[in-house]
Asker: 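This structure is in structure tokens; I'll ask about it shortly.
Note on naming: letters A, B, ... go to the chains in the order of the sequence lines (proteins, then strands), and numbering restarts at 1 for each one.
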Amino acid sequence: MRQDLQKNPLLEIRDLTIHFFTEEGVVRAVENVSFEIYPGEILGLVGESGCGKTVTGLSLLRLIPIPPGRVVNGDILFDGRSLLNLEEKEMEKVRGNDIAMIFQEPMTSLNPVFTIGDQIMEAIILHQRLDKTEAKKKAIEMLHRVKISSPEKRMDSYPHQLSGGMRQRAMIAMALSCQPKLLVADEPTTALDVTIQAQILHLIKEIQGEMGMSVILITHDLGVISEIADRVAVMYAGRIFEYGPIEAIFTRMRNPYTYGLMRSIPQLTETRGRLYAIPGQVPDPMHLPVGCKFHPRCHMMIEDCKKGEPMFQVNGDQFSRCIRWKECC
Amino acid sequence: MSTYIARRLIYMFITLVGISIISWVIITQAPGSPIALTMDPKVSPKIIAQMEKNYDLDKPIYQQYFLWLERLFTGKLYSFKDGRPVMRKIAERIWNTLLLNVVSILIIFSLAIPLGIFSARKRYTFLDHLGTFGAYVGISIPSFWLAYLLILATVKLFGYPVLGMRTFVEEGFTTVDIVMDHLWHLMLPSIILAIGGIAALSRYTRSSMLEVIRQDYIRTAKAKGLPEETVYYKHALRNALLPVITLFGFIVPGLIGGSIIIETVFAWPGIGRLAYQAVLARDYPVVMTVLTISAVLTLIGNFVADVLYGVADPRIRYG
Amino acid sequence: MVKDDCGLRYPQMMESQLKVFWRYFKRNRLAIFGLIVIAVLFLIAGLAAFLAPYDPGQTNVALKLNRPSPHHYLGTDQLGRDVFSRMLYGSRISLSVGFVAVAISIFIGILVGAVAGYYGGWTDNILMRFVDTMLCFPTFFLILTVVALLGPGIFKIMVVIGITSWMGTSRFVRAEFLSLRERDFTQAAKALGVKDLRIIFRHILPNALAPVFVTATLDVATAILVEAGLSFLGFGVQPPAPSWGNILTEGRTYIFDAWWLTVFPGLAILMTVLSFNLLGEGLRDAIDPRLRGRR
């Protein structure tokens with residue numbers, strides 16, 4: 001699908017390595033992560049909490065708190081230019097304008113003392129240099145677009161007066177108000193009710209189609225990914241474990257971790273048996289196991305797993321970080 | 001909002017009753033209180049007569065309280081010392097104290113908030129640590145001691161008197177000279193009165209800012225591409241200052257308490273000094289009235305702070 | 001975890017928590033500084049009799065208002081008494097006023113806060129209105145008035161400071177109780193029919209103690225300042241007993257001739273109050289996990 005659109009990626013992440021230097025020690029949050037996003041596609045970034053997916057998302061906007069965080073290695077290329085080397089002033093022009101982000105907690109992600117309208121108009125006035133009346137018109141249009149009823153009235157509402165789903169819609173309206181080329185959506189539906197989750201996902205998908213932007217959807221929920229993503233990157237312990245088109249990952253996975261994640265999705269068709277959970281726990285990021293970071297929890301573990309963690313090209317566009325990928329799964 | 005204010009008013013009324021009862025109990029029932037003194041044969045009949053007049057000692061005890069309350073509010077309490085109505089004595093001096101306190105409050109808020117923001121932005125740097133240490137010194141320093149050191153320093157450096165509200169006007173003083181002279185005399189006491197408040201409020205602003213900048217909505221504001229200044233001074237500050245408003249209510253009693261020492265050191269003719277002189281002269285009607293009035297002023301300060309908070313925080317306004 | 005006799009386990013400050021506390025606390029150099037100064041002060045107060053080169057009450061008019069010298073480290077006062085010796089003894093008064101007053105205030109504060117927070121409802125309402133009322137009075141003026149009524153004396157001062165400064169403690173002890181009584185271990189104890197007082201003392205109070213300790217430390221600082229202020233106004237510990245406050249107050253008459261009478265006691269008060277404040281804030285930061293790593 002994406003090959004038809006364009007060959008040049010919109011965003012390229014190369015060997016990104018981010019460490020946090022804390023009192024207790026170095027947290028290796030992201031280690032040699034590489035992937036790219038093509039215009040108009042949705043990439044799912046999936047993994048358990050603490051796998052580094054949120055840090056990766058925040059790093060695209062350079063929102064990692066520095067210190068204690070630091071990009072130790074790698075680069076982020078957006079439209080061919082390195083975001084890591086931009087001056088702060090230049091980066092501010094990218095944020096909200098070229099790359100926008102929405103967050104997990106719609107409850108706390110909106111400023112409680114400003115109205116929804118103020119907060120949406122702020123970005124419009126900043127990036128599009130519209131005056132107040134035009135910005136207001138635009139903001140109302142955006143609220144309309146995210147299907148908020150009586151948007152004129154909602155402009156003057158404060159966040160606490162809206163429901164969680166409404167707030168997330170307002171967040172989306174705010175993020176998309178400047179027609180960004182890339183939207184980073186960090187667990188946009190996790191904090192919402194199940195029925196609302198589906199609505200928000202479809203809204204994102206719909207607007208993405210209309211605007212032709214790219215989306216990085218960060219989630220721990222493979223079910224969410226399966227609904228809207230074109231390609232998937234599975235992360236574990238700061239590394240990408242498997243990476244490829246959605247059909248490949250869901251039907252021909254080549255990594256035992258992906259397999260475990262997949263098995264732990266509750267199936268409606270499954271009437272018997274307990275829900276599967278990957279044994280063991282996510283490793284402490286300060287004391288990662290040697291070799292493959294997943295080997296202590298892996299049912300396919302062999303001695304060689306402790307020796308290294310190479311990435312294999314399964315075929316044209318599918319990659320797996322597992323020495324036994326051929327036997328899996 | 002109106003139910004909120006109504007509820008606050010009811011609480012305020014209950015507190016007001018509480019204040020009057022406590023004041024009255026201290027003056028009449030505490031050991032060593034003036035009323036207990038009427039039993040003392042050494043006290044002159046004249047003073048006892050004064051007390052009976054002031055406190056209706058011939059009436060039953062619950063009536064005494066209400067009569068005292070009535071006297072308090074209708075200005076029919078009289079000073080033991082010169083027999084003048086207490087309210088009049090206070091009215092003559094309260095403006096001087098209010099002037100001093102208002103100037104101090106202005107100094108506190110206009111210095112402490114920028115200092116706190118500065119510290120928060122430069123957190124963990126040398127200047128921030130210096131500010132922290134300075135603030136601890138500020139809340140730890142005995143104000144009268146600091147006052148003496150500063151008086152000593154200014155008198156030695158400038159050779160110009162600092163005590164009182166003004167220098168006795170000398171020949172050839174122009175209006176400008178008189179105003180400058182007033183400001184000069186106002187400067188030291190109001191600064192010293194403000195020091196504890198500056199220290200406490202700047203620390204409070206700093207920690208409030210640090211709390212706020214960790215919030216998700218600050219990340220959202222940054223993600224929009226807002227410049228750091230806008231993030232700090234618009235999105236963070238408004239939220240950080242909300243709790244600071246409530247501190248206004250706490251600063252008032254501190255200032256009134258501080259006024260006693262500062263006005264005494266600087267011979268400032270306000271109610272703090274009046275109260276201290278009354279304590280020395282055992283002029284209890286004056287002491288108790290000042291005490292009650294300060295408590296009521298504090299109550300009003302708290303109320304104003306609460307209403308301001310309600311206005312500033314939309315969650316309360318509509319909640 | 002300590003096993004209770006009714007078979008319930010309740011959380012206590014476990015060793016690992018103490019370790020975590022210490023790790024955060026020792027990083028705070030200002031608080032360590034405060035702790036050291038306070039420890040030295042205690043030594044001085046305890047050993048004043050051995051350390052003092054002279055009898056603090058011994059007057060010698062021939063030696064009056066002498067500058068600091070090798071004979072009199074901090075000079076002499078208007079009656080020729082050795083200021084250094086008087087300051088050493090004065091530390092006893094400052095520290096004891098601070099500690100006794102705070103002990104009283106903490107006791108009342110815990111009592112009121114615990115009763116209000118545990119029983120809630122009307123009891124809570126009435127007690128909290130009382131706290132609000134007390135908080136409206138300017139504390140220093142209230143203390144001055146009551147001390148003036150009672151007449152000065154070190155024990156009266158301690159008691160009066162104690163009974164006028166417990167409100168802050170009671171407020172957060174109450175808050176702590178309100179939140180703790182809803183927790184599982186309290187509910188479980190209640191369901192098992194454990195008596196109220198027992199629940200309060202064995203289950204809730206230990207959890208509320210850490211913040212009480214912080215306030216107590218900060219309140220010692222305030223109490224010492226209040227005593228100094230009272231001394232300055234002539235209602236503190238009365239001469240000839242040497243307190244820092246009254247050495248300073250007596251010395252202010254000679255401020256232009258004998259600066260040492262004003263400067264040294266003031267510095268001693270400042271250092272002591274500062275140390276307690278630094279220690280208290282350090283304890284607070286180390287105890288409150290939300291504040292960790294934010295200094």
Asker: Considering only heavy atoms, which portion of C:L267 lies under 4.5 Å from any heavy atom of chain B: side chain, backbone, both, or neither?
Answerer: both
Asker: Looking at every heavy atom in both C:L225 and B:S140, which two are closest together, and how far apart are they?
Answerer: CD2-O, 3.7 Å
Asker: Just so I know, are the side chains of C:V263 and B:L149 near enough to count as touching, which here means a heavy-atom distance under 4.5 Å?
Answerer: yes
Asker: Distance check, rounded to the nearest 0.5 Å: C:R252 atom CZ versus B:I151 atom CD1?
Answerer: 10.5 Å
Asker: Select one option (side chain, backbone, both, neither) describing which atoms of B:V290 are under 4.5 Å from chain C's heavy atoms.
Answerer: both
Asker: Heavy-atom cut-off 4.5 Å, strictly under: side chain, backbone, both or neither for B:I139 against chain C?
Answerer: both
Asker: Let me know if B:F144 has heavy atoms under 4.5 Å from chain C in its side chain, its backbone, both or neither.
Answerer: side chain
Asker: What part of B:S23 lies closer than 4.5 angstrom to a heavy atom of chain C: side chain, backbone, both or neither?
Answerer: both
Asker: Would you compute the distance between atom OG1 of C:T262 and atom CH2 of B:W145 and round it to the nearest 0.5 angstrom?
Answerer: 9.5 Å
Asker: Any side-chain heavy atom of B:F133 within less than 4.5 Å of one from C:L274?
Answerer: yes
Asker: Heavy-atom cut-off 4.5 Å, strictly under: side chain, backbone, both or neither for C:F276 against chain B?
Answerer: neither
Asker: Do C:E281 and B:T132 have side-chain heavy atoms sitting under 4.5 Å apart?
Answerer: no
Asker: Is it the side chain or the backbone of C:L142 that comes within 4.5 Å of chain B heavy atoms, both, or neither?
Answerer: both
Asker: Is it the backbone or the side chain of B:S294 that comes under 4.5 Å from a heavy atom of chain C, or both, or neither?
Answerer: both
Asker: Can you tell me how far apart CG (B:L299) and CZ (C:F137) are? Round to the nearest 0.5 Å.
Answerer: 10.5 Å
Asker: Let's test your reading of the structure: which of B:T298, B:L291, B:I22 forms the most heavy-atom pairs below 4.5 Å with chain C?
Answerer: B:L291
Asker: Go through C:P265, C:C136, C:G234, C:P138 and name the one with the most non-hydrogen pairs under 4.5 angstrom from chain B.
Answerer: C:C136
Asker: Just by distance, with hydrogens left out, do C:D132 and B:T15 show a side-chain donor and acceptor under 3.5 Å apart?
Answerer: no
Asker: Does NZ or CZ of C:R129 lie under 6.0 Å from the centre of the six-membered ring of B:Y11, at an angle within 45° of the ring axis?
Answerer: yes
Asker: Heavy-atom distance under 4.5 Å between the side chains of B:I261 and C:F140, does that happen here?
Answerer: yes
Asker: Roughly how far, to the nearest 0.5 Å, is the CG atom of C:L30 from the OH atom of B:Y136?
Answerer: 7.5 Å
Asker: Please evaluate residues B:Y148 and C:L248 with respect to the criterion side-chain contact (heavy atoms from CB on, under 4.5 Å), reporting the C-alpha separation (whole Å), side-chain torsions for both, the decisive distance (0.1 Å), and the verdict.
Answerer: CA-CA 10 Å; B:Y148 277 118; C:L248 174 53; 5.8 Å; no
Asker: Determine the minimum heavy-atom distance between B:V279 and C:F141, stating which atoms define it.
Answerer: CG2-CE1, 4.5 Å
Asker: What part of C:L233 is in contact with chain B, defined as an atom under 4.5 angstrom from a non-hydrogen atom: side chain, backbone, both or neither?
Answerer: both
Asker: Which value, rounded to the nearest 0.5 Å, describes the distance between B:Y276 atom OH and C:F235 atom CZ?
Answerer: 6.0 Å
Asker: Chain B: which of C:G229, C:S275, C:A221, C:G151 shares the most heavy-atom pairs with it under 4.5 Å?
Answerer: C:G229
Asker: Using non-hydrogen atoms only, which part of C:T139 is less than 4.5 Å away from chain B: side chain, backbone, both, or neither?
Answerer: neither
